[in-house]
Trainee: 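Got a structure for you, written out below as structure tokens; questions coming shortly.
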2 protein chains.
Amino acid sequence: MTTARAGRARSTRQGVAVESLLEASSGFRSAQDLHAELRRRGDAVGLTTVYRHLQSLVDGGSVDMLRTVDGEALYRQCADSRHHHHLVCRRCGTAVEVSGQAVERWAGAVAREHGFTDVDHTVEVVGTCGECSAGPAPSS
Amino acid sequence: MTTARAGRARSTRQGVAVESLLEASSGFRSAQDLHAELRRRGDAVGLTTVYRHLQSLVDGGSVDMLRTVDGEALYRQCADSRHHHHLVCRRCGTAVEVSGQAVERWAGAVAREHGFTDVDHTVEVVGTCGECSAGPAPSS
DNA sequence: CGTGAACTGGTAACGGTTTTCATCTGCAGC
DNA sequence: GCTGCAGATGAAAACCGTTACCAGTTCACG
Ligand SMILES: [Mn+2]
Ligand SMILES: [Mn+2]
Ligand SMILES: [Zn+2]
Ligand SMILES: [Zn+2]
């Protein structure tokens, strides 16, 4: 009742591999990226299967997906299953989950003001995290 | 000095066609959509050229581009060249330009709070506009 | 064990976008 | 008005992330 998982019926080596790798990652990662790392570390999973599990996780609500400006899909395991947004470092990709009451209220108000209903919204904040701005300059 | 146009060096029939069609459109439109309408109305432009002009306009800052969830790029001529966001109807695509002081403040604050600098953000609000929710039901 | 539904993964297809390159054209300079 | 040519065009091919297809594999259950 509590977990509205639309997950797979069986637990497989591949499914566990994808899910746990994403869980161990700190930021958004692409399917191909995950696939490459799995292959590199020995326990390989087909690219198709990586996509399948990521899609299941997104459907289940435990993973967020977003599109980069050049059309690539990025996935991230979210600690909080409730509605929230991300503050992402443009350098290292690390993401912090943030909730924004102010934004929720604003979105609702601006929509109502223009006669819109069934409002939904997407908010992404990108910047350079403290660690990266203190770290080595992007020389080469 | 005022216009920081990174536009093309020459004025061509094709460039004018793309720009004015987008100008006459009320919401976000895809490159293929624009290409199809130009072809339909007789004054045809190569798809490649449509993409090229849209890219120039985006670079010049007079046009906004966003990605749909399935990776398609959508373009819109913005009336306001200053920073703003859009309230888009998920049914008819009509977009209203809105500025959100509350969101700007929130984004800055939440970033500062987590030690992030050089903050940027994207905010999109989608809903059903008054006209569409009053109009014909999405039957067939 | 035996059966079948779920799962896997190589390969092919898909679709939007970009690159390539031969051809064309706006326009600055005569 | 011409001419020259850098800039622009567009059909076709390449690109690339993603999805569909489908034959083979795995696993829960009787
Ligand atoms: Mn929100
Ligand atoms: Mn803003
Ligand atoms: Zn960082
Ligand atoms: Zn509408």
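Lettering follows sequence order; numbering is per chain, from 1.
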Trainee: Any idea which of D/dG17, D/dG7, C/dG16 is nearest the A/Glu72 side chain?
Mentor: D/dG17
Trainee: When clusters are formed by joining ILVMFWY residues with side-chain heavy atoms under 4.5 Å apart, either directly or through shared neighbours, do B/Leu54 and B/Leu74 land in the same one?
Mentor: no
Trainee: Nearest whole Å is fine: how far is D/dT18 P from A/Leu54 CG?
Mentor: 10 Å
Trainee: Ignoring backbone atoms, test whether B/Thr49 places a side-chain nitrogen or oxygen under 4.0 Å from the OP1 or OP2 oxygen of D/dG10.
Mentor: yes
Trainee: To the nearest angstrom, how far is A/Asp70 atom CG from D/dC15 atom P?
Mentor: 17 Å
Trainee: I need the CD-P distance between B/Glu19 and D/dA8, as an integer number of Å.
Mentor: 14 Å
Trainee: Within less than 4.0 Å of OP1 or OP2 of C/dT8, is there a side-chain N or O belonging to A/Thr12?
Mentor: yes
Trainee: Ignoring hydrogens and angles, does a donor from either the side chain of A/Arg52 or the base of C/dG9 sit under 3.5 Å from an acceptor on the other?
Mentor: yes
Trainee: Quick check: is A/Leu87 connected to A/Phe28 through a chain of hydrophobic side chains (ILVMFWY, heavy atoms under 4.5 Å apart)?
Mentor: no
Trainee: Has the side chain of A/Arg10 got a donor or acceptor atom sitting under 3.5 Å from an opposite partner on the base of D/dA28?
Mentor: no
Trainee: Let me know the distance between CZ of A/Arg29 and P of D/dG17, rounded to the nearest Å.
Mentor: 16 Å
Trainee: Applying the side chain to side chain contact (heavy atoms under 4.5 Å, CB included) criterion to A/His84, which one of A/Asp64, A/Val98, A/Val96 satisfies it?
Mentor: A/Asp64
Trainee: At under 4.0 Å, does any side-chain N or O of B/Tyr51 touch on OP1 or OP2 of C/dT18?
Mentor: no
Trainee: Should A/His86 and A/Val125 be marked as a side-chain contact (heavy atoms from CB on, under 4.5 Å) after you check the CA-CA gap, both sets of side-chain angles, and the distance that decides it?
Mentor: CA-CA 6 Å; A/His86 294 105; A/Val125 185; over 6 Å; no
Trainee: Verify side-chain contact (heavy atoms from CB on, under 4.5 Å) between B/Thr122 and A/Thr122, making sure each step is shown before the conclusion.
Mentor: CA-CA 8 Å; B/Thr122 63; A/Thr122 63; 5.8 Å; no
Trainee: Please list, one pair per line, the donor and acceptor atoms closer than 3.5 Å that link side chains of residues 107-119 of chain B to other protein atoms, with sequence neighbours excluded.
Mentor:
residue	atom	partner	partner atom	Å
B/His114	ND1	B/Val110	O	2.9
B/Thr117	OG1	A/Thr128	O	3.4

Trainee: Side chain of B/Thr48: nearest nucleotide among C/dG16, D/dG10, C/dC7?
Mentor: D/dG10
Trainee: Please give, in whole Å, the distance from D/dG17 C1' to A/Met65 CE?
Mentor: 11 Å
Trainee: OP1 or OP2 of D/dC27 sitting under 4.0 Å from any side-chain N/O of A/Arg8?
Mentor: no
Trainee: By nearest atom, which of the nucleotides D/dT18, C/dT17, D/dA12 is closest to the B/Leu47 side chain?
Mentor: C/dT17
Trainee: Do the side-chain N and O atoms of A/His85 and A/Glu97 include a donor-acceptor pair separated by under 3.5 angstrom?
Mentor: no
Trainee: List in numerical order all residues of residues 33-44 of chain A for which some heavy atom is under 4.0 Å away from an atom belonging to DNA chain C.
Mentor: none
Trainee: Quick one: is A/His53 getting a side-chain N or O under 4.0 Å of the C/dT8 phosphate, OP1 or OP2?
Mentor: yes
Trainee: A/Gln55 has an atom CD; how far is it from atom P of D/dT18, in whole Å?
Mentor: 11 Å
Trainee: Tell me which nucleotide among C/dG9, D/dG7, C/dC7 gets nearest to the side chain of A/Val45.
Mentor: C/dG9
Trainee: Less than 4.0 angstrom from a charged side-chain N to a carboxylate O is my criterion; do A/Glu131 and A/Arg91 meet it?
Mentor: no
Trainee: Considering heavy-atom distances to DNA chain C, does B/Arg13 or B/Ala73 have its closest nucleotide positioned more toward the 5' end?
Mentor: B/Ala73
Trainee: Quick check on DNA chain C: between B/Ser11 and B/Leu74, whose nearest nucleotide comes earlier from the 5' end?
Mentor: B/Leu74
Trainee: Contact class for B/Ser30 (heavy atom, under 4.0 Å): base, sugar-phosphate, or nothing?
Mentor: nothing
Trainee: Any idea which of D/dT19, C/dT17, C/dG9 is nearest the A/Gln14 side chain?
Mentor: C/dG9
